[in-house]
Every structure is written in structure tokens, then in C-alpha cells.
Amino acid sequence: MTLAADLRGLLKTSRVLDAPAELRAYAYDASFLTQLAPRPPDVVVIAASTEDVSSVLRYANRHAIPVTPRGAATGQAAGAVALGGGIVLALNGMNRVLEIDVANMQVICEPGVVHAQLNAALAADGLLFPPDPGSSRMATLGGMASTNAHGMRAVKYGPTSAWVLGLEVVLADGQVIETGSVGSRAKQSSAGLELTKLIVGAEGTLGVVTRLRLKLMAIPRSRAIVLGLFDALEQAGEAVQAVFGAGVSPSAIEILDERCIQAINLYRPAMNPSVEALILFEVDGNPPGVRWDAERVCEVIAPFAQRAEWSDEPERINALWEARSVVGAAVGMLRPGSNRAYCGEDICVPVAKIPATLRAIQDISARHRIPIATYGHIGGGGLHPGHLIDGRDPDEIRRVLRVADDIHQLALRMGGTTTGEHGVGAARAPYMAQEHGSALEIMRRLKHALDPNCIMNPGVIFDPLPLPFELPLTGPVGEPAVATIDPG
Amino acid sequence: MSSLPAFSSSHPLLGSEYSNMLACIRCGLCLTSCPTYVLSLDESEGPRGRVGMARALAEGHLRVTPDLVEHELNCLVCDACTAVCPAGVHMDPLQVAVRSALESESRRPRRVQILRWLVFGWLFMDMSRFRLLARCMWLYQRLGVRWFARRSGLLQLLQLESAERLLPELPNHFVTPHDEQHASASTESTPAAFFAGCVMSTALADVDRATLRVLQRAGFAIRNPMQQGCCGALNAHGGDLPGALQLARTNIAAFEHTQGPIVVNSAGCGAMLKDYAHHLQDDLAWAARAAAFSGRVRDLSEVLADGSLRVRRELRDKVVLQDACHLLHAQRVSRQPRDLLRQIPGLVLTEIAEPGLCCGSAGVYNLTNPVQSRQLQQRKLDNALAPGPAIIVTTNPGCLLQLRSGLAERGSSVRVKHLAEVLDEATTP
């Protein structure tokens, strides 16, 4: 019996794919790493129930077959690709909102629910799940929990982990557990170890999330956006510090550099100034407070800004956030014939060091002759450098890999981290020993305690796998050619 | 470092779209806009997967396998993904190239090859043949053959029941372009040319006539060039790119002696006509002529958007607009038809849920992929009927026939009208 046939016999309602082109569609996420080394799984299971997930894991554990959980694969760090082969366990088909508990302000949902669709469903009851990734329209809740996604509003509302009250998790041996107290609807608890927080951010290396209990809040009655334009990056950094010092707590603070502004205008014209940095401050709450906050932010940033203005008109707010949410992909439009390479794209540094980091990124860009457009959540220190390359040029590929390495090293040198919110995946696994020191060994022990056969998402976070790069084939179809590349 | 990776393709048919494929950065923003992904939640049924498979084929990492063919051909080419793609991937020409490449490597049964030649190589290539077939269908509807076919079980036997259900009552008179001029009915007179279409000028000739009347009232003097033919969209999406290009050249030449906008009332044709410039960009003899032609093409709602149309009657109807994908996504036209409907006194326009999700018509998709087509048709009808309209307005023949067929099956009294018909009614003196 083949793996696919075994699984088809085992599973009740889930689908099993094993045709070659179908598998190819699961060979990558948005990371540049999986463009260079796409790896089709041996089989894909589109899971339909916890019971089937449990059956898959029991089988895989018995036969020591790697299992890679996958949401929408919008990640940029090769965290949801079966780099060691085996089974891709797609959870996006488990996409039901099971219960909106309005009285207790909680929602119970499956992991495949798309973030924007959850908030659309909650809106009817005036409720909101506040973590807000730029990929809201495609990212799944399971993926958000597994990477502890932060998003634009984390500066006020915190990361996904702050809003996850409990999880149903299938462990590597197929056992199903519920974290956050069985059957509980409590909003807080001090009962024992916080297993929920252990699973959130574990990127599927400890188990598979099959159900989430999420905390909600009421939709803020009002929002306003302050647009600040800065001639110099340093002034932008000072303005943000001044806002924090003024006692205002914005719900989002986003910075776009000059290249990002150009990119947005190519995709959907929404802003067209010529400055070195643009910052969007969002404030939310009750209408009088929002107006006061917006005016106060304007007042505080005025000494640093070329221009500062605010608006509470929904159309203007939506247009600006829409523009901001697509900038990551739209930067590819800046250089015809080039595309964005997602590598070294998610660092986080101390807020005070943002201007210096942005300058250093510009230096890296000049040194390696790779254009970089940078944006990010400046309120929390998260920066997303977007590198533009022509993938047909092997030298540009070599140089962009060095750019990514330089940026990761820069983040660590600045006292930051190689990933602020996208997760480690396979792309940043090589930096974990440097970033965590001896703490990585403790993480490894925890991992082995829950997954002794190491079947859960191998190559991610711990123990990087050697990845063969795939070269273009000009002759007959055959096995992918293998080459090694030295990013240094 | 002796061997460096780089992306390249030497595929003879996919090379022209390789840059388009490389533009996909796999962000996944397209997923939730794609009708087949929404139905299946399977990556290989989504735009990112389809681009990925096509790219692997172009790079030599995949060969043509049945699953690849199935997933690529399940694409509706509705361009919903193109409309949301922040990286600028354009799915329509990519699918045209992919289908052409798949066709060149496919081994179809002899009878299918003959049928394909008859449809793409013979029927669509000459409008006189198309009109002849339409006249035969007209006779079929009127000489009792239909009555016999339906009752005898012949349609069921030939598995033609659903196809036959899509066929509207054919009008007695078709619109046959013969270079005639339709004078402006207003004090203004702006030159324009009319693209009559194949299905539009025959099965839906009444819509073409309504369109001409509306254009006349809006102050256009319209020429209807004789040599024009089918737009070629069905050929292009059916894997016959050479046939589509032949039709493109015929149409470009046919309209070169006309002036003003080339007005089209079929969203699918309009999208294809606007894409001639892309498809012929590497043809030295035709690139400039194609660019000039495409630059003149306008949907009916676009040319009327300047407010030149005078509404004379009120229509006390509750209507919903069913956005045709090839207008909304491919041509990015959404405001104009709404503005035109809202200017009609008494008419109440209500928005529907999932406006960007295809109705499942998509050219001949309802014949080639009946399962997905039906799922999308039913979903669209559920959404369109939810506000309780009396009329569903659309701007594309495929959508019109797909919705009418679904409503007839449900026994619904809700009518489906082309925008031109509603405007004609509202502007009749």
C-alpha cells in the first residue's frame, strides 16, 4: 500500500491528494527560500475533522513520517512547507465559526477560518478579534496562532497570544488535548502551566491546532488616522517617541519609506508625497477621545514633520489602510522585471534604534546593489525590508541572500530579533542558536518531550535541514537538479 | 560557487508569459477571490497554485499530467485574482498561453478533435457560418423539433439537456453588420463604431438593437463594420491561440476605417478586444495596429458614463446588478453601470453579497465544467435573489443566459435583463 492509499483508507471525511501537479501547488509559501528550493510533499491531506487529524498523526508517528501543518501558506519563512517530505496537513478546510459567545465575548472557531471572514462574522454582534495582520484577507486563524502573528494593531492590543484563551491540540501521537482548562469560558486563569502559550508560536512543531477559543472586544466606536510626512527618517523616529511620551496610545503606527510610497501609488494611488518617510498613526475609541488623541498626535509630531493631518472619515481611513496592507507585495512594481524576494523580511529592533536600523538597511542595499523598500510597525519596532531582484540573474540571487543575512545580523546587533511576527520557519532556523543561546536547548527538550519521533514540522525552528536548490531544467523532465549555494 | 540557481524557461509556448509567472510572489492574496478555490479550498484549484504549476511546467519541473490539465482548465479565467493581485500577475493571458501549450501536448479522441476544429476552426472563423447555425437553432425551436427532442428523451440521451436549457428563444431577426450607419438621435453627433459580437448579434440580437438605440439617443453616430467577426475569446480560452489571433487581426482591420470609440456590450468580448494589444505585442506587423484598436475599445457603460443619456421614463423596479467578471475584474469597470441605473427615477438598486464571485458561465465553462458551474450559478442566484429584486441586470451574454437558465429551473418570475435593455426602456421617447 502507498502512503496515499493508506491515508485514504484511514480517513473518514478528509481529502487526500497525491498527483504530481497537485503536490507541486503545496511546494511553497511566500518565502524566497521555497522559490529556490520548492519541495512538494509526498501527500497532502485536506483535513475535515479533528478525528481525521488525529488519525493522520497516529499513523505518521507509527511510521515516522514528517507532518507539516498548513493554513493558507501566506507565511514568508518556509514554515508550512514539507521541507523533509512527508505529509502536508492542510487545515484551511476546517473553516467553521462554531460559536460566537456574545455574553462572554469569546468565539470558538476552527483553524482554517480566514481572519477577515472571522471579523466580518463578529461584526454583526459588534465584536472584534483585534490582532490584525496585513494578510487579513487570506491568513487563517490557525496560522496566526501558530506564528503568534502580531500585525498592525499589536502596538495597542498585543499579539495573537494575548487573545487566545484555549486550544484544542492534536499531539504527535494522535492524542487530543484541550488547553486553557477543559470546557472553560473563563477569561483568565492561573491553573497550572500555560500550555496555550506554549503551542501559540510553536509553528506546528509541537502539535496541530484544531480548534481555538479566542477572546474578543467590542468594536471601537470611532477611529481616526493621522498622516505624518517626514523629510528624514530620524525625524520620523523622534516623532514616534514623542507620541508615546505624550500619553497617547495609538492602535497602530506604521512607517513607509520613500520606495514603499512609490509602490503604493503604482498599485492603487492613495498617497503621493515625496518624502523620506510616511507614518500612519491610528487612534481608536469613543468619538471625543479619538478626536482629542488625533489632534494631540498632530500637535506632538508637528515639530518633526513636514506635514501632519488627520481624518476620521471612514473612506479615507479605509483607503490608507488598504494601501498599507498591500505594500508588501506591491513593492515588486517598483522595478519592472523584478519581484520581491521574501527573505530577511521581518526583523524587530528596539524602537529607539529604528532610524539607525533604517539607515543601516539603506547601506546594505547600496553595498549589495539590491533595491530595498522598507515598511513596518514602527510602534513596536517591527520592520519589513522588501528586496527587489530579477530572479533570472544568478548574481542577484546570490546578492539578495547576502542582504538577508546582513539584515538578520543587523537586527541581532541592534539588540533585536530576526523575526518580529512572521515566525522562524526554516528560513531563520539557522539563526536560532545565535539568537537564543542555551535557551534553544531547553526549547529542543520541550519539543522532544511532546514529539519524541520528531515528526512535527521538521526543519522549522530547530535543527535546520540542508535544502537543495532547484535549478531550471532545459532538457527532459527528471529529478530536480541539485546545487549548493554559499550565501556568504 | 560554480553552479548558481536562477529562474529561467526555455518552453516554446510558455516563454512569452514567463515574466508574468515570475511576478507571482505567492503572497496568497488571490486565494479568497478565486471561485474554484472558494469551492474546493484546494491550493491546486487556486490562482497561486495554477501559476505555480504553470511555472513548473515552463521551467521543466513538471510535465503535462491529467491533474495539471484538470486544475488549469478548471480556471474560469474570471480575472478576480488579477484584480486583487498587488504584484501585477495577469491571469488571462497566462491561461491563454497555458491552454495553448496544453493543447499542443494533449492527445484528444478523434471525435473531440473534429468537434474542436468544427467549433474553433470553422464556426467561429466566419460569422456567416455562425449565423447559419443560429438560424438552424431558430428553426429547431419553431418547427417542433425541440418539442420532440425534449419529450422523446433524445436530449437526455445525447447529454445535451443542460446545454439546450441555456439556449434562449432566438429572435426572428439577427443583427448582421453591413457597414451601415446609425444616425445620432440627438442634436450632438459623435462618431463611434459598434462591435456586434457573435452570440449578441444572433441569440441576443434584441440586446444589440437596444444598444444601438441607446447609443443613438446618447448622441453617437454609429458605424457597424461588415467584416467584423467573433472576438476570439472562446478560441483563446479554449487553447486555440492561433485562431484567436486570426480573429483579432480580422477585427482590427475591420474597424480601422471607423472613428471614435469601439463600443461593445458584451463584457467578455470587451475584455478580449482590450487584450488584443497584449496578444499581438510581439507581432511586428500588427503590434501598433492592435494597440490602436485596443485603445479605442469601450464598454457601453463607459461611453455612457459622461451623462449624455437623457432618461425619459421612470422604472418602478427593485433591481440588483450582477457584475460580469470580465467587466468588474478584467476591465475594472464597476461604478459606471451602477451610476447609469441610479439615474433612472423610481429604480431601486441594491447591492448583493459576494459581488465579485463568478456566476459560473465563463464562456463555455458551463458546458465544459458543469459541476463547478452549477455550484457557482446556484450561489450567485442565492445572493442575487436575497434582496428580493424584480430584475437582475447584467452586462454579459454568458451571465445573462446562465442566470436565466437557473431562474427558469427554479420557476422564478424574476427577470434577467442586459443593462442596454433597461436603459433602452428608460430612454424611449
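Only this structure's heavy atoms are used, side chains among them; waters, hydrogens and symmetry mates stay out. Below, chains carry the letters A, B, ... as their sequence lines are ordered, and counting in each starts from 1.
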Donor-acceptor contact below 3.5 Å, side chain A:Asn339 vs main chain B:Ile25: no
Worked check of side chain to side chain contact (heavy atoms under 4.5 Å, CB included) between B:Arg55 and A:Gln35: CA-CA 11 Å; B:Arg55 180 173 160 187; A:Gln35 283 211 43; 2.9 Å; yes
Under 4.5 Å from a heavy atom of chain B, the part of A:Ser31 involved: neither
Can you tell me if A:Arg15 uses its side chain to pair, donor with acceptor, with the backbone of B:Ser40 under 3.5 Å? yes
A:Arg137 vs B:Ser33, test: side-chain hydrogen bond (donor to acceptor under 3.5 Å, both in side chains). Steps then yes/no. CA-CA 9 Å; A:Arg137 276 191 280 169; B:Ser33 71; over 6 Å; no
Is it the side chain or the backbone of B:Arg50 that comes within 4.5 Å of chain A heavy atoms, both, or neither? neither
Considering only heavy atoms, which portion of A:Ala139 lies under 4.5 Å from any heavy atom of chain B: side chain, backbone, both, or neither? neither
Which atoms of B:Ser19 come close to chain A, meaning under 4.5 Å heavy atom to heavy atom: side chain ones, backbone ones, both, or neither? both
Supply the atom-to-atom distance B:Asp42 CG to A:Ile46 CD1, rounded to the nearest 0.5 angstrom. 4.0 Å
Sorted by first residue and then second, give each salt bridge (Lys or Arg N to Asp or Glu O under 4.0 Å) pair with at least one member in residues 327-343 of chain A; sequence neighbours left out. A:Arg335-A:Glu396
Answer yes or no: does atom CZ of A:Arg96 have more than 12 heavy-atom neighbours from other residues, nucleotides or ligands under 6.0 Å? no
Once rounded to the nearest 0.5 Å, what's the spacing between atom OG1 of A:Thr140 and atom CG of B:Leu31? 10.5 Å
Of all heavy-atom pairs between A:Tyr28 and B:Met53, which one has the smallest distance, and what is that distance? OH-N, 4.5 Å
Under the side chain to side chain donor-acceptor pair (under 3.5 Å) test, which residues partner B:Thr82, sequence neighbours left out? B:Asp79
CZ of B:Phe7 to CD1 of A:Ile389, rounded to nearest 0.5 Å, is 6.0 Å
Tell me, for A:Asp390 versus chain B, whether the close heavy atoms (under 4.5 Å) come from the side chain, the backbone, both or neither. neither
Any idea which of B:Leu68, B:Thr65, B:Leu29 has the most non-hydrogen atom pairs under 4.5 angstrom with chain A? B:Leu29
Side-chain heavy-atom pair B:Thr32, A:Gln117 within 4.5 angstrom cut-off: yes
Residue part contacting chain B, namely of A:Ser135, when any heavy atom lies under 4.5 Å: neither
Interchain contact, B:Cys24 with chain A, by part (heavy-atom threshold 4.5 Å): backbone
If I measure from the heavy atoms of chain B, does A:Asp29 come under 4.5 Å with its side chain, its backbone, both, or neither? backbone
Could you pull out the closest heavy-atom pair between B:Gly49 and A:Ala25, with the gap in Å? CA-CB, 4.0 Å
Cut-off 4.5 Å, heavy atoms of chain B, and the answer for A:Leu17 is side chain
Smallest heavy-atom separation, A:Ala19 atom then B:Asp67 atom, equals CB-OD2, 3.0 Å
If we define contacts as heavy-atom pairs under 4.5 Å, which of A:Ala341, A:Gly93, A:Ala73, A:Ala72 has the most with chain B? A:Ala73
Nearest non-hydrogen partners of B:Ala6 and A:Arg392, listed with the distance: CB-O, 3.8 Å
Any side-chain heavy atom of A:Tyr342 sitting closer than 4.5 Å to one from B:Arg26? no
Look up atom CZ in B:Arg48 and atom CE in A:Met138, then write down how far apart they are to the nearest 0.5 Å. 8.5 Å
Among the options B:Ala23, B:Gly52, B:Pro66, pick out the one with the most heavy-atom pairs lying under 4.5 Å from chain A. B:Ala23
